[in-house]
Amino acid sequence: MVMHTSSSQTSWFPIVLRLQDAHVLVIGGGNVAANKVQLLVPTGAKVEVLSASLTPELQRLSESGAITHVLADVSAHDVQKRLAHCRLVYVATNDAALNRELAALCQAANVPVCAVDDPAISSFITPALSIRGAVQIAVSTGGAAPVLARRLRARIEEILPAGLHKLAEFMQSKRLSLREHVPNTSERRQIWERFLDGKGQHLALEGNVQAAEQELEHLTQTQQTQGEVWLVGAGPGNPDLLTLAALRLMQDADTVLYDNLVGPDILNYVRRDAERVFVGKQRNRHTLPQEGINDELIRRAKAGERVLRLKGGDPFIFGRGGEEMEALVAAGVPFRIVPGISAANGCAAYAGIPLTHRDCAQACLFITGHARADGTLELAWDKIALRGQTVVIYMGLNMLPFLCEKLQEHGLPADWPAALVERGTTAQQRVFEGTLTTLPALATTHKVTSPTLVIIGEVVRHRVIPTQDIQ
Ligand code: SAH
């Protein structure tokens, strides 16, 4: 696992490097160099330390043959002639100018170099490491804040189970044989996940290899061939508003079917190697019809995939979750449903508009403003145009002038408060307050685009801008 929180524009690229038998040159023989050497020795690298003196610890390593010490005053010439066969170089003398000169030399020769404590002149940096057998956790802040990286590492270490190295060792020992028995990658992954979710994990953590083997065998024989579908609400756009259940399923899914409302910020949390299928509406292209989506969900689940149907907001609020659920029932495909924060809740909270209020709104109505194919929109206007209630309109932007007019026709005053929330909860959120009379013009003037939520009612007057940060 690599956590990376670089704030700079360019981002460092975390990899895990094999150093067995590779020459690694460490320049400097003080404590800083000794720290790096300690990390390097267990990798099987051929570590050469170039310096005029050594710490007692390095001295001991040199005497035991774990490292080679080249006794010399460090010079560019000495370094230059060694570069040809070096896989990596650490520069750790206590002379900053010399460090810079040597790092530049390595860079010019294209040899990866880490000048300790000086990321600006380094081509690689060493993360804060936590090692438990085969499991290595590296936390990097891209050199921005090493202290923070170490803090984070400490917090991660607190939650690591004690026998983690045994678990990793067990899984490694079974990798090849399981691959032979179960050639299909996705099935194999599912077996391991069931192993980790169940008692297998605990047995292996305790080092009870025999029982763990039996459990793995059992799981291999009782393989799930039927996949499932998870209808999951991803909330209105800000990843902070994902539920823990959504996050877990996003990490477990084989495939994700998502549409327009699910942006890259959210997709970022989906398991890296899950297949991503866009099924939303695209400009100038037809929407994949709902039946097409249903068929795709069913086809994939029947092929054994765990399919995540990720929807903006909540799946059961103008999300066609009901139709998908019915199709899955008819096809006999198992499914789960995870609610999400709907646009109404998210936008109201982030815009600071309460949806109900003791003083003025005892009810709140969610309606759709989406017109039929023939351009008409027929709603129960008498029930909508009421005082004492808030009306939230989803997909109401296109028909906004018509909607505002109808509500006035059916009894609401021309100065009845109303607001637009564009891209609510995200960093691009914009809120416009007006009335039934002014709202359509506000939308045009400010070039408001979808997704936008319309909130109508006296609650808009109670708006207070919240202090929460939107990232
Ligand atoms: N299932 C979704 C709604 C889908 S309908 C939910 O529960 O939120 C799509 C409409 O939702 C959009 O046209 C818009 O009116 C509204 N919407 C969704 N996300 C939004 C957001 N971040 N900001 C404003 N409106 C949003």
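What you see below is based on every heavy atom in this structure, not just the backbone, and it leaves out hydrogens, waters and symmetry mates. Whatever order the structure lists them in is the order used to number ligands and atoms, beginning at 1.
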(request) Would you mind running through ligand 1 and noting each atom that sits below 4.0 Å from a heavy atom of Ser342? (result) 6 (C), 7 (O), 8 (O)
(message) Checking the N or O distance criterion of under 3.5 Å, is ligand 1 in contact with Glu422?
(response) no
(message) Just so I know, are the side chains of Leu19 and Leu88 near enough to count as touching, which here means a heavy-atom distance under 4.5 Å?
(response) yes
(message) Would Thr425 count as a polar contact of ligand 1, with the cut-off being nitrogen or oxygen pairs under 3.5 Å?
(response) no
(request) Could you check which of Gly263, Gly340, Gly424, Gly313 puts a non-hydrogen atom nearest to atom 23 (N) of ligand 1? (result) Gly424
(request) Using a strict cut-off of 4.0 Å, indicate which atoms of ligand 1 neighbour a heavy atom of Val421. (result) 24 (C)
(request) Sort and list the pairs that fulfil side-chain hydrogen bond (donor to acceptor under 3.5 Å, both in side chains) and have at least one residue in residues 162-171, not counting sequence neighbours. (result) none
(message) I want to know if ligand 1 touches Cys347 in the polar sense, i.e. an N/O pair below 3.5 angstrom.
(response) no
(request) Could you tell me if the ring centre of Phe124 sits under 6.0 Å from that of Phe13? (result) no
(request) Considering only non-hydrogen protein atoms, determine which one is nearest to atom 11 (O) of ligand 1 and report residue, atom name and distance to 0.1 Å. (result) Tyr394 CD2, 3.3 Å
(message) Tell me whether ligand 1 is touched by Leu261 - counting only heavy atoms on the residue side and a distance under 4.0 Å.
(response) yes
(request) Inspect the contact between Lys406 and Glu409 and indicate whether a charged nitrogen and a carboxylate oxygen are less than 4.0 angstrom apart. (result) yes
(message) Ignoring hydrogens, what is the shortest heavy-atom contact between Ile156 and Ile137? Give both atom names and the distance.
(response) CG2-CD1, 3.8 Å
(request) Check the side chains of Gln290 and Asn294 for a donor-acceptor pair under 3.5 angstrom, ignoring hydrogens and angles. (result) yes
(request) Would you check if the side chain of Arg132 reaches a backbone N or O of Ser130 as a donor-acceptor pair within less than 3.5 Å? (result) no
(request) Considering heavy atoms of the protein only, find what lies nearest to atom 4 (C) of ligand 1 and give residue, atom and distance to 0.1 Å. (result) Phe318 O, 3.3 Å
(request) Name the closest protein heavy atom to atom 1 (N) of ligand 1, giving the residue it belongs to and the distance to 0.1 Å. (result) Ile317 O, 2.6 Å
(message) Nearest non-hydrogen contact with atom 18 (C) of ligand 1 belongs to which option: Ala343, Pro236, Gly369?
(response) Ala343
(request) Below 4.0 angstrom from a heavy atom of Asp314, which ligand 1 atoms are there? Numbered from 1 as shown, please. (result) 1 (N), 6 (C), 7 (O)
(request) Can you sort out which atoms of ligand 1 are near Gly312, meaning under 4.0 Å from one of its heavy atoms? (result) 1 (N), 2 (C), 6 (C)
(request) Give me the one residue out of Glu228, Glu275, Glu193 that meets salt bridge (Lys or Arg N to Asp or Glu O under 4.0 Å) with Arg306. (result) Glu193
(message) Ignoring hydrogens, what is the shortest heavy-atom contact between Ile337 and Met325? Give both atom names and the distance.
(response) CD1-SD, 3.5 Å
(message) How close do Tyr269 and Pro239 get, counting heavy atoms only, and between which atoms?
(response) CE1-CB, 3.5 Å
(request) Compute the shortest N/O to N/O distance between Ile341 and ligand 1 and return yes if it is under 3.5 Å, no if not. (result) no
(request) Identify the protein heavy atom lying closest to atom 10 (C) of ligand 1, giving its residue, its atom name and the separation to 0.1 Å. (result) Met395 CG, 3.7 Å
(request) For atom 14 (C) of ligand 1, find the nearest protein heavy atom and state the residue, atom name and distance (0.1 Å precision). (result) Thr452 O, 3.4 Å
(request) Look up atom CG in Leu178 and atom NE2 in His181, then write down how far apart they are to the nearest 0.5 Å. (result) 8.5 Å
(request) Determine, using heavy atoms of Lys311 and all atoms of ligand 1, whether some pair is separated by less than 4.0 Å. (result) no
